[in-house]
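Here the structure comes first, spelled out in structure tokens, and everything after it is commentary.
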Amino acid sequence: MKAAVIVFPGSNCDRDLSVALERATGTPPKMVWHRETELPPVDLIAVPGGFSYGDYLRSGAMAAQSPVMRTVVEHAAKGVRVLGVCNGFQVLTEARLLPGALMRNAGLKFVSRPVGLRVENVESDFTRGYEAGQRIHIPVAHHDGNYFADEATLDRLEGEGRVAFRYVDEDGEPTADGNINGSARNIAGILNESRTVLGLMPHPERAVEPLHGGTDGQPFFRSLVEALS
Amino acid sequence: MKAKVHVTLKKGVLDPQGKAIGNALHSLGFGNVGEVRQGKVIEIELAETDRSKAEAAVRTMCEKLLANTVIEDYAVELVG
């Protein structure tokens, strides 16, 4: 699997993502600066977390208009897998590769800690390494992770099985208690219609080594490698 | 010509920041404060003298960048 990691001014999880991808594939991914208009031939484009363009205007809004994102949108249309983590998820919604928007956390606080998630869809190249309904722990670190979409869009996402991950409480249930940021229907990650684009607020790249405090992110990268190699 | 763009959250979209501001106003003793909604104002200098052209251009800017129409409404005001 050949991968590229997009780097914006203000990205700060690009290296973590690169290390996780290299661990999984054995090859370092190409790091692609936001001003580039061409991408190397790759199977996966990863848009990392951070504060692209200082979160000016809205999180992800400026990055979504950058030269490289125009190219990413073209590649996504051809079926190249695209992953957005945290700020990357915000960029993908702003670029309209994924529906909805990520708003200020309902509690208004920046949340940085491991959270419980339930894997809802295991039929994508990103999630096949998990078991349906599996409960995992992955760290989050965000201020704007409150997923919003209108009811019709939410119903469509649910109906089409495009909710990939949901925030859950200690009993593994998607309750208000387990909802760390006020997201509609506890949504933590979603897929596009063709299940080739995935955005999620939690950081699987921060849970790939025992030293991270958990390795629940490993199946995520293993899924991609198995699907795209 | 100058354009003032007002960007606000759509009706029905929760605004936790507006709510926090409302609570703060209440605790300051402004008991008559109802719902508070927060938004932003963007001022744009335009090299354009035709008002309708200016408004059309700014509306396109709103659709493309200044507002996220999934969650936000916008209003364009031309000044001067």
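Just so we're on the same page: letters track the sequence lines, and every chain starts at 1.
- Within 6.0 Å of the CZ atom in R37(B), the count of heavy atoms belonging to other residues, nucleotides or ligands exceeds 12.
- For L65(B), the parts lying near chain A are the backbone and the side chain together; criterion is any non-hydrogen pair under 4.5 Å.
- With a 4.5 angstrom heavy-atom cutoff, K10(B) does not touch chain A via any of its atoms.
- Within 6.0 Å of the CZ atom in F110(A), the count of heavy atoms belonging to other residues, nucleotides or ligands exceeds 12.
- With a threshold of 4.5 angstrom between heavy atoms, L108(A) approaches chain B through side-chain atoms but not through N, CA, C or O.
- Annotation: side chain of K40(B) is in contact with side chain of R58(A) (closest heavy-atom distance under 4.5 Å).
- Under the 4.5 Å side-chain criterion, counting only non-hydrogen atoms from C-beta, N68(B) is in contact with R96(A).
- When all heavy atoms are compared, the tightest approach of A106(A) to P16(B) is O-CB, 3.5 Å.
- For chain B, the nearby part of N105(A) is the backbone; its heavy atoms alone come within less than 4.5 Å.
- The two residues V70(B) and F148(A) make their nearest non-hydrogen contact at O-CE2, 3.8 Å.
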